[in-house]
Amino acid sequence: MWGQGDEALGLIHQVKSSGMSPNVVSWTALVSGSSQNGSYRESLEFFSQMQREGIRPNSVTLSSLLRNCGGLSLLQKGKEIHSFSIKNGFIEDVFVATALIDMYCKSGNLKAAYEVFERIENKTLATWNCLIMGFAIYGLGKEVVSLFEQMLGADIIPDAITFTAVLSGCKNSGLVNEGWKYFDSMSSDYGIIPTIEHYSCMVDLLGRAGYLDEAWDFMQSMPLKPDATIWGALLGSCRIHKNIQLAEIASKKLFELEPYNSANYVLMLNLYAMFDRWGDVECIKDLMSDIGVKNGQVWSWVEIDQIIHVFCAGENHPDEGEIYYELYHLVSEMKKLGYKPDVKCVYQNIDDSEKEKVLLSHTEKLAITYGLIKSRSITPIRVIKNSRICPDCHTAAKYMSLVKNREIFLRDGSRFHHFSEGKCSCNDCW
DNA sequence: TTAGGGTTAG
């Protein structure tokens, strides 16, 4: 609704100049408005201003704030709000408690999310949905199915969001049979008409599991016209299963539907590079430059002692000497245990040793390594990346968790990964 | 006792 933070602030000033004083409700409207708009930082800034004006937050303000913390994976800030809520009696508010679950899930602390969940006496449908979605985005499909069954046992009637969460869980864990069962059940048992999101989950589920023909047939038979999310799901699956013919069909559609989304071009670049089709790689690059689509800025960040350290692709970091020293050492240890750099993830026509160097410079590797150097040895490392993790970094993170005996949470552009003891919660299904 | 609130995606 607000869109422009300055305009919203202008309203506050207008209220003031008319002799009235903005209260907690008007400030909360700004905090929640910008939060719902996805402007998390702006929302946090409104909150700071509200505090400077001496207005104390209430449960409504807190639930909006927690939404921001989740959106930005600001675990420490979220924990502060948690303790503030306990001290001030807001923890009994089911909106606050549900927002806490969401915040903990999105900040890489599922254990804390579950503890909050267990303590809520009056769990609502949204409370269950939050936790189920939380587990789903980590690829914990079996837990998702179990939670869903518990929810039914508690006489809570699922809605369309529940089924999006459950199907996402199945999709992120490769649970094809369960996915079909719940997809059929939503309309036959609960009268919920599947939306494009549910169909998208199913295409993704089938495609990622390797059933590309079935995914294609499903798309042809669905009553809705496939949109960019559906074609995107198919293209993603084509990349995993290296099906270049189908990928070309999907990408052609996507270039029409969303010509300025660089992710689709990058996927095709990746795929052509995998097959050493460098001429086609150049064609895609030319296409991007003709249309004027830019490869968006890639960055990763890691939070250490409440300070956020950002690693931008192509930019130097003040401590990079120390980081690369540690990373080279780490990679040699990883190689002893079987790690092989996946040079197919580099879509430049250079020799393999150069490709290995490019792989080392990926922002998620730098952020994880920085976390390993700078944080205490028992603290899990929490990294956020604004685009999808690369397959080599995914493998590397598993080995890093093993070599360093550390838990690593990584939230990427589309989902979450929890690396521990050489494995990932997604079971490599992503 | 009213405003402002928590859950959906490749």
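Throughout, a chain's letter reflects where its sequence line sits, starting with A, and its residues are numbered from 1.
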Quick one: label Arg415(A) by what it contacts on the DNA or RNA (base, sugar-phosphate, nothing), any heavy atom closer than 4.0 Å. nothing
Tell me whether the rings of Tyr114(A) and Phe135(A) are parallel (<30°), tilted (30 to 60°) or perpendicular (>60°). perpendicular
Interatomic distance where CZ belongs to Arg56(A) and P belongs to dG4(B) [whole Å]: 22 Å
Using the six-membered ring wherever Trp is involved, compare the ring planes of Phe84(A) and Phe90(A) and label them parallel, tilted or perpendicular (cut-offs 30° and 60°). parallel
Hey, does the side chain of Lys106(A) come within less than 4.0 Å of dG6(B)'s phosphate (OP1/OP2), counting only N and O? no
Tell me which nucleotide among dG4(B), dT7(B), dG5(B) gets nearest to the side chain of Asp102(A). dT7(B)
Take atom CE of Met151(A) and atom P of dT7(B), then tell me their distance rounded to the nearest Å. 16 Å
Which nucleotide in dT8(B), dA9(B), dG4(B) has an atom nearest any side-chain atom of Ile161(A): dT8(B)
Could you check whether any side-chain N or O of Asn37(A) sits under 3.5 Å from a backbone N or O of Ser39(A), counting only pairs where one atom can act as donor and the other as acceptor? no
Using the six-membered ring wherever Trp is involved, compare the ring planes of Tyr138(A) and Phe416(A) and label them parallel, tilted or perpendicular (cut-offs 30° and 60°). tilted
Scan residues 64-77 of chain A against DNA chain B and write down, sorted by residue number, each residue with any heavy atom closer than 4.0 Å; if none is found, say none. Ser64(A), Arg67(A)
What I want to check is whether an N or O donor and acceptor connect the side chain of Asp93(A) with the base of dG6(B) at under 3.5 Å. no
Can you list, by residue number, the residues of residues 115-139 of chain A that have a non-hydrogen atom closer than 4.0 angstrom to DNA chain B? Thr124(A), Ala126(A), Thr127(A), Asn129(A), Cys130(A), Met133(A)
Is the distance between the ring centroids of Tyr104(A) and Phe117(A) under 6.0 Å? no
Give Ser237(A) one of three labels, base, sugar-phosphate or nothing, depending on what nucleic acid heavy atoms sit under 4.0 Å from its own. nothing
Whole-Å gap separating C1' (dG6(B)) and OH (Tyr104(A)): 15 Å
Which heavy atom in Glu42(A) sits nearest to a heavy atom in Ser34(A), and how many Å separate them? OE1-CB, 3.2 Å
Counting side-chain heavy atoms from CB outward, which of dT8(B), dG6(B), dG4(B) is closest to Val60(A)? dG4(B)
Considering only side-chain heavy atoms of Glu197(A), which listed nucleotide, dT8(B), dA3(B), dG4(B), is closest? dT8(B)
Touch check for Leu254(A), heavy atoms < 4.0 angstrom, all strands: base, sugar-phosphate only, or nothing? base
When every non-hydrogen atom of Val383(A) is compared with those of Ile368(A), the smallest separation belongs to CG2-CG1, 3.8 Å
Applying a 4.0 Å non-hydrogen cut-off, can you work out what Ala228(A) is touching in the nucleic acid: base, sugar-phosphate, or nothing? base
Can you name the residues that form a side-chain hydrogen bond (donor to acceptor under 3.5 Å, both in side chains) with Thr28(A), not counting sequence neighbours? Thr61(A)
State, with a plain yes or no, whether a side-chain heavy atom of Thr162(A) is found less than 4.5 Å away from one of Met151(A). yes
Let's see if you can work this out: which of dA9(B), dG6(B), dG4(B) has an atom nearest to the side-chain heavy atoms of Val94(A)? dG6(B)
Without decimals, in angstroms, what is the distance between His82(A) NE2 and dG6(B) P? 18 Å
Is there aromatic stacking of Phe95(A) on dG6(B) here, judged by a ring-centre distance under 5.5 Å and a plane angle under 30°? no
Nucleotide dT7(B), atom P - distance to CG of Leu100(A) in whole Å: 12 Å
Rounded to the nearest Å, what distance is computed from the CG atom of residue Leu257(A) to the C1' atom of nucleotide dA9(B)? 16 Å
Short side-chain N/O contact to dG6(B) OP1/OP2 from Gln36(A), under 4.0 Å: yes
Check: dG6(B) base within 3.5 Å donor-acceptor of Thr98(A) side chain: yes
Give Arg239(A) one of three labels, base, sugar-phosphate or nothing, depending on what nucleic acid heavy atoms sit under 4.0 Å from its own. nothing
In terms of side-chain geometry, is the basic nitrogen of Lys385(A) or Glu364(A) positioned less than 4.0 Å from the acidic oxygen of its partner? yes
Answer yes or no: is there a donor N or O on one side and an acceptor on the other, between the side chain of Asn243(A) and the main chain of Cys238(A), under 3.5 Å? no
Which part of the nucleic acid, if any, lies within contact of Asp159(A), taking any heavy atom under 4.0 Å across all strands shown: a base, the sugar-phosphate backbone alone, or nothing? nothing
